[in-house]
Amino acid sequence: MIKRYHYARDVEEALSLLAAYEGRGAVLAGGVDIARGLPREIEGLIDIATAGLSGISAADGGIAIGATTTLEEIRTSGTVRGYLGGFLAEVMEHVANWALRNTATLGGAVVSAHPWADIPTALVALGAEVRWRTEERPERAPIEELYGRPFRAIFRRAVLTEIRLPRWDGDFAFEKIARNAGDIALINCACGLGLDAEGKIAWARVAVGATPFRGTRLPGAEGILAGEKPNPDLFAEAGERAAAEAKIGDDIRASAEWRRRVTPVIVRRALERATLRVTRGQ
Ligand SMILES: Cc1cc2nc3c(=O)[nH]c(=O)nc-3n(C[C@H](O)[C@H](O)[C@H](O)COP(=O)(O)OP(=O)(O)OC[C@H]3O[C@@H](n4cnc5c(N)ncnc54)[C@H](O)[C@@H]3O)c2cc1C
């Protein structure tokens with residue numbers, strides 16, 4: 001049960017408060033997830049909204065986004081709209097509604113990492129790097145690697161500070177199927193590709209999420225695409241491979257059977273749109 005609420009002035013203060021709570025403290029950013037409930041053992045909330053972790057900047061040809069930057073700040077940022085033809089801004093348009101996006105933060109989305117969420121799928125496809133601080137040192141890891149670790153336990157004693165998105169010579173597209181515009185995904189996917197001088201696919205990224213499991217890359221589908229010229233049959237084959245490769249199941253929102261049938265469709269659509277964006281941008 002919550003006994004105390006703290007406002008951290010900076011990351012150092014947040015870290016020393018987390019250390020003092022010995023695992024019974026939690027960082028609060030936008031609070032939209034925390035408002036839905038917390039583990040019973042949490043006694044202290046450490047608000048980091050004013051800890052100096054908001055902002056978006058160009059970095060190493062890609063972009064750096066501070067952990068407490070809200071999803072709406074990301075959606076409307078000129079820097080984000082200039083990155084990959086506005087791919088990430090497009091993803092944010094699919095997230096809930098304006099009121100929620102105005103409070104929820106990117107760091108909170110990375111740590112809450114709901115299996116049905118759109119943001120992890122997009123960040124995994126993009127090869128995002130997550131940066132955080134512990135009391136001892138700064139740390140960083142590709143988001144896929146972080147999700148392979150007990151990341152929720154890590155962030156009981158650490159503060160996520162920044163998400164870095166790399167430069168890509170190509171483009172991405174995002175697809176989501178939900179019951180209505182503001183609803184949680186029944187399935188989502190993010191695909192990207194780049195073309196070489198001969199018009200062949202130099203690299204491809206395919207990630208599918210809300211299956212109902214958290215978004216993951218599908219290397220088999222990516223492998224089918226690499227080295228080939230984009231064409232409808234190739235994208236259909238990659239979609240079928242994605243459906244066979246993805247971990248797919250039933251949940252309250254959709255059946256595994258339905259998800260297996262729509263996965264090839266959304267992967268194909270995302271690949272077609274990513275290709276259009278690449279060829280238009282050339
Ligand atoms: C009604 C609703 C609809 C949603 N719809 C969508 C959707 O359509 N698509 C989608 O992708 N997502 C969706 N989400 C998920 C949403 O994006 C996340 O819940 C939100 O981004 C969490 O951010 P927050 O800042 O509010 O996190 P908080 O609630 O503040 O924190 C969430 C968790 O992350 C930890 N945390 C937060 N920031 C840090 C940090 N910097 N360092 C360490 N730990 C941290 C907290 O301790 C807590 O455990 C939805 C959520 C809700 C509640």
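Numbering starts at 1 and runs along the sequence shown. Order of listing sets the numbers, starting from 1, for every ligand and every atom in it.
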TODO: Decide whether an N or O pair under 3.5 Å exists between Ala29 and ligand 1.
DONE: yes
Open item on the list: Checking the N or O distance criterion of under 3.5 Å, is ligand 1 in contact with Val32?
Closed with: yes
TODO: Before signing off on this row, confirm whether Arg36 and ligand 1 have an N or O atom pair separated by under 3.5 Å.
DONE: no
Task: N or O pair under 3.5 Å between Gly31 and ligand 1 - done: yes
- [ ] Provide the number and element of each atom of ligand 1 under 4.0 Å from a heavy atom of Asp118.
- [x] 7 (C), 8 (O), 9 (N), 10 (C), 11 (O)
TODO: Apply the side chain to side chain donor-acceptor pair (under 3.5 Å) test between Arg133 and each candidate in Glu12, Glu139, Glu162; give the one that qualifies.
DONE: Glu12
Open item on the list: Could you identify the single nearest non-hydrogen protein atom to atom 32 (C) of ligand 1 and state the distance to 0.1 Å?
Closed with: Asp33 CB, 3.6 Å
Task: Pairing of Glu93 and Arg101 as salt bridge, 4.0 angstrom limit - done: no
Open item on the list: Please check whether Ile34 reaches ligand 1 - meaning an N/O of the residue sits under 3.5 Å from an N/O of the ligand, judged on distance alone.
Closed with: yes
Task: Close N or O approach (Ala26, ligand 1; < 3.5 Å) - done: no
- [ ] For ligand 1, find out whether one of its N or O atoms is nearer than 3.5 Å to an N or O atom of Val27.
- [x] yes
Open item on the list: Checking the N or O distance criterion of under 3.5 Å, is ligand 1 in contact with Ile184?
Closed with: no
Task: atom 52 (C) of ligand 1 - nearest protein heavy atom and its distance - done: Leu100 CD1, 3.4 Å
- [ ] May I ask you to check whether Ala104 has an N/O atom sitting below 3.5 Å from an N/O atom of ligand 1?
- [x] no
Task: Proximal atoms of ligand 1 relative to Leu28 (non-hydrogen, under 4.0 Å) - done: 30 (O)
Task: Within 6.0 angstrom of Arg152 CZ, more than 12 heavy atoms from elsewhere - done: yes
TODO: Check whether any heavy atom of Arg101 sits under 4.0 Å from an atom of ligand 1.
DONE: no
Task: Sole candidate of Glu41, His6, Arg156, Glu43 that passes side chain to side chain donor-acceptor pair (under 3.5 Å) when paired with Tyr21 - done: His6
Open item on the list: Within the 3.5 Å criterion, strictly below it, is a donor on Asn188 or His94 matched to an acceptor on the partner's side chain?
Closed with: no
- [ ] Check Lys176, Arg75, Arg273, Arg81 against Glu90 for a salt bridge (Lys or Arg N to Asp or Glu O under 4.0 Å) and give me the one that passes.
- [x] Arg273
Open item on the list: Taking distance alone, with N or O pairs closer than 3.5 Å, would you say Pro120 contacts ligand 1?
Closed with: no
Task: Check: Pro230 and Ile201 side chains under 4.5 Å, non-hydrogen atoms - done: yes
- [ ] Over 60° means perpendicular and under 30° means parallel, so classify the ring planes of Trp116 and His114, tilted if in between.
- [x] parallel
TODO: Would you check whether Ala158 reaches within less than 4.0 Å of ligand 1, judged by its heavy atoms?
DONE: yes
Task: contact_flag Leu38 ligand 1 heavy-atom lt 4.0 Å - done: no
Task: Residue Leu71 vicinity, atoms of ligand 1 by number, heavy atom under 4.0 Å - done: 17 (O)
- [ ] Give the atoms of ligand 1, by number and element, whose distance to some non-hydrogen atom of Val159 is under 4.0 Å.
- [x] 42 (N)
Open item on the list: With heavy-atom distances below 4.0 Å as the criterion, list the atoms of ligand 1 near Lys176.
Closed with: 8 (O)
Task: Min heavy-atom dist Trp132 to ligand 1 below 4.0 Å - done: no
Task: Glu272 with Arg268: basic N within carboxylate O range, under 4.0 Å - done: yes
